Every structure is written in structure tokens, then in C-alpha cells.
Amino acid sequence: MFKRILYGVFLSLEMLLSNGLHAQVDVSILDLGGDLEAWYQETIALKNTPIAVGAYYHIQPQSIKEHQFFLSPVWEEGSVHISDEFFQDIRMLYNTYEDILIVENSGIYRSSYQPLKPNQQAIGSFSIHGAEFIRLDDNEILPGGFYELLYEGRQARALVKRIKIKRVASQGIEYETQEVLYLQLGSVYYKYRGRKTFYELFPDHKKEIKSYIRSQGITNLNRHNESGFVYVLQFCEKFMPAL
């Protein structure tokens, strides 16, 4: 069925060309005996999606060791939710220095296309390297942008802001990675400052929280301990009244 539809499209293109009109597709590159659906998805379909609505993005020269991206400067397949549409197997990069998501500009001649920076405001979430990021608006606690979702429970969420700071060193440009942890209880956000954050948010259960921390052998609950932060938040969520 799909092939019959595409053949109809090609015939229409030939009619347009024969009438002296200019078509958007170069029919000389068509391989009608090949995988027509794959060709359509590669050359036409993605061009009409929200992912393609944005601007070209020039990637500055960087190295495998010193780069602006989350975990790796190599294109990674992931998924993105944008403008109420969901797309999988999209090659992308997350620039944590600029806090922007970049997608590969797909086409038959892939290497000749500049990467694209989609409309960042339209991106609701994306997943890359096994991590899920959500976009949040500015509020009194945290600045707007993309945050990795470490944990999502019934009424609580653990979030981390991945940041890279550029420094000029004797060997050239270096990027320092920083993380800022936040927790969300209901609709309210809090910046995580260590175990005292839990004691302040759940003062009536301070002894229980201390006992749980000891029982789990968690010796360090500073603002850089992401796993300990998540474990204790999961435990404390039961102290929140049911909605």
C-alpha cells in the first residue's frame, strides 16, 4: 500500500516537471526498486516534523576529552518529545555548556548537512545515553532549561542540572563539569544542600530519616551524592500526605 502511494507521488512529480514547474525532490536520485519507505522517511518525512523547525548549528572544534556535550561529543541515538510529537532513533547531542539539544540534519548526503538546533521551547523532554531530561520553566528556585530526571515518584521528583564551565588553561580550553541537585515535592521545588534539606522539609520525621541513613550505610549525603540523595528522597516520600 505504501509503495503504491509513493509511486503516485513520483508520477505527480514527473507531471509537474513536464509542465515546467520546479519540484522539491530530485527524481534522478530515486531508486524505485529499493526500500521506498526508508527513502521517504530519510528524505521527506522528517523535513516536515517539528524537529526540523529551527536553525542551523555550527559545532565548534572540540576533542574527545575536552568538549561541551553530555558524556560524549559523538552523535548518539535517542528520543525526543517535541510539540506534542514523539520521535525515536534520532541522532543527537546535548550541549550542557549552552544547555541546548542538537539533532543531526538527516538526508541522503548526511555529511553535507549542518546540524540543526530545534526550537528549544517546544521540547518537552528527550532521552540520550540512557538519561532522561525534561524542560522546566523559570521559577523562584531554579532557572529554566533542561534537567535530568533522576527519580519520579508518586509526589516527589529528584532532578539534577548538568553544567559545563569553560576555562582557559595552559594546554588550551578545558571544560569543568558541575551538577546542582533539586527536589520537587508536589508542585514546589527546593535546592538540595545535603541531609539537612531532608531534616528541614520533614522535621517531624528527623529521627526516622537518620535511622534510615544509618541502616543503609550512607556515610556521605553532600550535595554531590546523587544516588544517596535519591535513596533518601524515596524514603521520605512516604511522609507526604496522599493527594
Side-chain angles (χ1 to χ4, degrees), residues 64-73 76 78-81 92-99 101 123-167 169 174-243:
I64 292 294
K65 182 179 179 181
E66 296 295 336
H67 57 83
Q68 300 178 349
F69 304 101
F70 175 63
L71 295 184
S72 170
E76 173 77 7
S79 61
V80 57
H81 186 267
M92 59 177 66
L93 291 168
Y94 173 40
N95 187 320
T96 51
Y97 174 70
E98 297 185 24
D99 194 23
L101 181 69
I123 299 173
S125 63
F126 65 88
S127 295
I128 186 172
H129 295 293
E132 181 181 359
F133 290 84
I134 60 175
R135 189 182 179 282
L136 298 175
D137 294 327
D138 280 302
N139 61 56
E140 66 278 6
I141 300 300
L142 49 78
F146 295 114
Y147 290 78
E148 184 179 346
L149 184 60
L150 299 176
Y151 166 75
E152 183 167 29
R154 178 174 48 86
Q155 298 183 70
R157 293 200 298 189
L159 306 161
V160 58
K161 182 65 177 175
R162 305 288 183 193
I163 303 169
K164 282 200 173 182
I165 306 297
K166 183 166 68 174
R167 303 189 186 282
E174 295 180 353
Y175 292 94
E176 176 187 334
T177 301
Q178 296 182 1
E179 299 83 23
V180 183
L181 294 171
Y182 297 90
L183 62 155
Q184 179 184 356
L185 303 180
S187 60
V188 183
Y189 294 92
Y190 303 89
K191 187 174 182 178
Y192 180 67
R193 294 172 286 111
R195 68 181 69 206
K196 64 180 180 181
T197 300
F198 293 115
Y199 300 155
E200 292 172 355
L201 292 174
F202 304 98
D204 296 336
H205 302 281
K206 185 174 180 178
K207 289 184 179 180
E208 295 170 77
I209 298 172
K210 284 186 174 182
S211 177
Y212 175 79
I213 292 173
R214 286 195 299 270
S215 69
Q216 298 301 306
I218 303 174
T219 57
N220 181 8
L221 260 182
N222 65 27
R223 56 190 178 88
H224 303 294
N225 185 351
E226 296 179 19
S227 60
F229 165 58
V230 170
Y231 289 146
V232 179
L233 178 60
Q234 287 177 298
F235 175 76
C236 292
E237 188 176 13
K238 68 181 183 179
F239 301 134
M240 298 181 64
L243 297 178

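Predicted model only: the values in this text are computed from it and were never measured.
- Considering every non-hydrogen atom in both Asp99 and Gly144, the closest pair reads OD2-O, 4.2 Å.
- Using a 4.5 Å cut-off on side-chain heavy atoms (C-beta onward), Ile128 and Phe133 make contact.
- Glu176 meets the salt bridge (charged side-chain N to carboxylate O under 4.0 Å, His left out) test with Arg167; sequence neighbours excluded.
- Pairs engaging residues 219-228 under the salt bridge (Lys or Arg N to Asp or Glu O under 4.0 Å) rule: Arg162-Glu226 [sequence neighbours left out].
- Here the CG-CG distance, from Leu93 to Leu101, works out to 8.5 Å after rounding to the nearest 0.5 Å.
- When atom types are taken as modelled, the side chain of Glu148 and the backbone of Ala131 share no donor-acceptor pair closer than 3.5 angstrom.
- Of the inter-residue distances, the one linking Lys238 atom NZ with Arg154 atom CZ reads 11.5 Å to the nearest 0.5 angstrom.
- Nearest heavy-atom pair across Val230 and Ala158 is CG2-CB, 4.1 Å.
- Aromatic rings of Tyr231 and Tyr212 (six-membered ring for Trp) have centroids beyond the 6.0 Å cut-off, not under it.
- Every residue was checked against the salt bridge (charged side-chain N to carboxylate O under 4.0 Å, His left out) condition with Glu66, not counting sequence neighbours, and none meets it.
- Put simply, the side chain of Glu179 does not reach to within 4.5 Å of the side chain of Ile163, judged on heavy atoms.
- Side-chain contact check for Lys164 versus His67: some heavy-atom pair is nearer than 4.5 Å.
- Distance check: Met92 CE to Ser127 OG gives 8.0 Å after rounding to the nearest 0.5 Å.
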Check step by step if side-chain contact (heavy atoms from CB on, under 4.5 Å) holds for Phe229 and Phe198. CA-CA 9 Å; Phe229 165 58; Phe198 293 115; 3.8 Å; yes
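- Side-chain contact between Val232 and Leu221 is present, with heavy atoms from C-beta onward closer than 4.5 Å.
- Legend: residues meeting side chain to side chain donor-acceptor pair (under 3.5 Å) with Tyr175, ordered by chain and number and at least two apart, are Gln68.
- At distances below 3.5 Å, not a single donor-acceptor pair connects side-chain atoms of Gln178 with backbone N or O atoms of Val180.
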Would Tyr182 and Tyr147 count as a ring-ring contact (aromatic ring centres under 6.0 Å, His included) here? Give the steps. CA-CA 9 Å; Tyr182 297 90; Tyr147 290 78; 5.8 Å; yes
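- Taking the side chain as every heavy atom from C-beta outward, Ile213 and Thr219 never approach each other to under 4.5 Å.
- Taking 4.5 Å as the limit, some side-chain heavy atom of Leu136 sits within range of a side-chain heavy atom of Leu142.
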Start with the C-alpha gap between Tyr189 and Glu140, add the side-chain angles, then the distance that decides, and say whether side-chain contact (heavy atoms from CB on, under 4.5 Å) holds. CA-CA 9 Å; Tyr189 294 92; Glu140 66 278 6; over 6 Å; no
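- Remark: His129 pairs with Phe70, Leu71, Ser72, Glu76 by the side chain to side chain contact (heavy atoms under 4.5 Å, CB included) rule, at least two apart or across chains.
- Checking each of Leu150, Leu185, Leu181 against Leu233 for a side chain to side chain contact (heavy atoms under 4.5 Å, CB included) leaves exactly one that passes, namely Leu185.
- Between Cys236 and Ile209 there is a side-chain heavy-atom pair separated by less than 4.5 Å.
- A donor-acceptor pair is defined here as one N or O able to donate and one able to accept, closer than 3.5 Å; such a pair exists between the side chain of Asn225 and the backbone of Asn220.
- In this structure, CG in Leu159 is found 5.0 Å from CD1 in Ile134, a value given to the nearest 0.5 Å.
- Panel note: side chain Asn95, backbone Phe69; no donor-acceptor pair is recorded below 3.5 Å.
- Sorted by first and then second residue, the pairs that involve residues 200-218 and meet salt bridge (Lys or Arg N to Asp or Glu O under 4.0 Å), not counting sequence neighbours, are Arg193-Glu200.
- Atoms OH and CG, on Tyr190 and Leu183 in that order, are 8.0 Å from each other to the nearest 0.5 Å.
- A donor-acceptor pair shorter than 3.5 Å can be found between the side chains of Glu237 and Tyr151.
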